[in-house]
Amino acid sequence: MKKVSFTDRAIRRVEAQLHTYIGKKSPVTLYEPARYLMQAGGKRLRAGLVCLSSALVSGRYVKAIPAAAAVELLHNFSLVHDDIMDKDDLRRGRATIHKKWNSDVAILSGDFICALAYRALNDSPEKVIPGLLKIFTQGYITLCEGQALDKEFEQRPSITVRDYLSMISKKTASLFSVAMALGATVSGASSTQQKSLTQFGLHCGLAFQIQDDLLDIVSDESTLGKDIGSDLRAGKKTYVFLLATETKRGKEILAEFPGAGGNYSKLLLDFKEFIHAEGIQEKTEKRIARHMLSALKSIRKFKNNPAKEELNGMIHRIWNRKH
Ligand code: GRG
């Protein structure tokens, strides 16, 4: 019989907690879209990180379950609004909420999921709520800043790798850091421990986003469960995009994307071949590896326990992910 991991057990409890928030039936146009997305099979990475961070510090994660649910809700809310903003049709292999229902339903259910996130946070042990609120709210602000920069960059011609890294550290890595910091806070971590765990989240999140950008090009729609090549069509300044624009051929292919229409699949194939041949894919993979290793390094000093083993395992799982 397969051994149930520490993380799997924690996630089961998070799922039960989430159900208490979204299980209600009416109003149908509020609860149904929320359930539709939340039960569509997200990886629950951020919730897992909250629990593992808590368990790394104290050996326990039960008190961190509401905070884990809160982070997962905030993440899901951001996906609903991001899909509206990017006009994406697919999420987790299903039609996005605005596609299946409409934008009004998607905006409101997104707001609702965000409100539930605060409700979940508030279900944490009373003593730690002020500390959690501070981290969570700052993380939410940072997330919005990252998203705003991402949209601004679509229109700006000259973005540097440094700009890009700063943007993704806000848009994506901040929530990974928040997850780690919340788990640490619930378990009463020292400030040194907090710092190491936040660093873990930052590097894991940076690697995750750079990898997400790469998967948008090299994966396929059925594996990824979302629109493929959508970053290139939207003119998003991803890591791969920025490296490609350093070459003449790369610039030429990328310039064709916005108006490609029906030829867009062929163009994506050309671009895929190009980044492989030019070593851009390899360079991107090296950057991902660098951040993954930095994440691992930041928790080296914690004493060995099952949570540490599973955090190491999680880094490798994310590293090898296909979606
Ligand atoms: C709109 C007011 C307002 C605030 C939200 C929309 C937004 C600000 C931020 C969006 C940030 C965003 C969507 C970042 C992308 C992060 C990312 C790569 C998500 C995919 O995460 P996975 O693969 O998803 O963990 P699953 O489906 O597994 O949960």
Side-chain angles (χ1 to χ4, degrees), residues 7 11 14-15 18 34 36-50 68-88 90-98 103 106-115 117-118 136-154 164 167-179 201-202 204-217 219 221 223-228 230-231 234 236-240 288 291 314-315 317-323:
T7 317
I11 294 300
V14 173
E15 297 297 349
L18 287 170
Y36 169 81
L37 175 71
M38 298 294 302
Q39 295 174 348
K43 296 182 285 299
R44 306 292 194 242
L45 292 177
R46 297 152 188 84
L49 289 179
V50 176
V71 170
E72 201 53 41
L73 285 159
L74 186 64
H75 162 60
N76 278 266
F77 145 72
S78 78
L79 297 181
V80 179
H81 281 201
D82 189 56
D83 287 336
I84 301 171
M85 293 164 97
D86 286 348
K87 302 177 187 61
D88 280 328
L90 265 186
R91 169 70 62 188
R92 296 177 177 157
R94 294 180 173 189
T96 44
I97 296 185
H98 65 93
S103 299
I107 292 168
L108 189 64
S109 51
D111 291 341
F112 169 62
I113 295 171
C114 179
Y118 274 92
F136 194 79
T137 307
Q138 185 51 53
Y140 183 7
I141 293 169
T142 307
L143 183 73
C144 291
E145 288 177 358
Q147 178 76 349
L149 288 173
D150 192 22
K151 299 307 280 183
E152 280 182 23
F153 288 2
E154 286 175 19
Y164 163 82
M167 181 275 285
I168 65 163
S169 72
K170 288 170 174 258
K171 181 183 84 162
T172 306
S174 63
L175 205 49
F176 282 74
S177 291
V178 163
L202 177 70
C204 177
L206 289 172
F208 180 86
Q209 184 60 57
I210 299 170
Q211 191 184 35
D212 214 68
D213 296 348
L214 185 61
L215 287 174
D216 183 67
I217 300 160
S219 187
E221 216 146 82
T223 313
L224 205 57
K226 59 183 183 183
D227 302 321
I228 199 88
S230 65
D231 290 345
K236 281 211 190 288
K237 306 301 189 298
T238 67
Y239 193 73
V240 177
I288 295 166
H291 289 295
M314 187 174 279
I315 285 290
R317 255 197 7 248
I318 296 178
W319 204 339
N320 293 320
R321 79 190 172 107
K322 300 283 174 265
H323 70 278

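Along the sequence shown, the residues carry numbers beginning at 1. Ligands are counted one by one from 1 in listed order, and the atoms in each one are counted from 1 as well.
Close N/O approach between R44 and ligand 1 is not found [any backbone or side-chain N/O within under 3.5 Å]. The shortest N or O to N or O distance between H81 and ligand 1 is not below 3.5 Å.
Checked for salt-bridge contact, D82 and K151 miss the test: no charged N lies under 4.0 Å from a carboxylate O. Under a 4.0 Å N-O distance rule, the pair D216/K236 does not qualify as a salt bridge.
Evaluation of the side-chain hydrogen bond (donor to acceptor under 3.5 Å, both in side chains) rule for R321 yields Q211, D212 as partners, not counting sequence neighbours.
For the side-chain hydrogen bond (donor to acceptor under 3.5 Å, both in side chains) criterion with D150, the lone passing option out of K237, K170, K171 is K171.
Cation-pi geometry between R46 and F208 is met: the NZ or CZ atom falls under 6.0 Å from the ring centre, inside 45° of the normal.
Regarding atom 12 (C) of ligand 1, its nearest protein heavy-atom neighbour is K171 CG, 4.0 Å. Atom 4 (C) of ligand 1 has as its closest protein heavy atom C144 SG, 3.4 Å. For atom 23 (O) of ligand 1, the nearest protein heavy atom (residue, atom name, distance) is K43 NZ, 2.6 Å. Among all protein heavy atoms, the one lying closest to atom 3 (C) of ligand 1 is F77 CZ, 3.7 Å. Looking from atom 10 (C) of ligand 1 to the surrounding protein, the closest heavy atom is Q147 OE1, 3.2 Å. Looking at atom 27 (O) of ligand 1, its nearest protein heavy atom turns out to be R92 NE, 2.7 Å.
How far CE of M38 is from CG of L73: 4.5 Å, rounded to the nearest 0.5 Å.
Under 4.0 angstrom from ligand 1, the non-hydrogen atoms of T172 all belong to its side chain. The proximity of L79 to ligand 1, defined as any non-hydrogen pair under 4.0 Å, is limited to the side chain.
For the ligand labelled ligand 1, residue R46 lies inside the 4.0 Å heavy-atom shell. Ligand 1 has H75 within reach: a non-hydrogen atom of the residue lies less than 4.0 Å from it.
Between Y164 and Y239, the two ring planes are tilted [angle within 30° to 60°].
A donor and an acceptor atom, one from each side chain of R92 and N76, are located under 3.5 Å apart. Side chains of T137 and Y118: a donor-acceptor N/O pair is present below 3.5 angstrom, by distance only.
Of all atoms in ligand 1, listed by their number and element, those nearer than 4.0 Å to a heavy atom of F208 are 18 (C), 21 (O), 22 (P), 23 (O), 25 (O).
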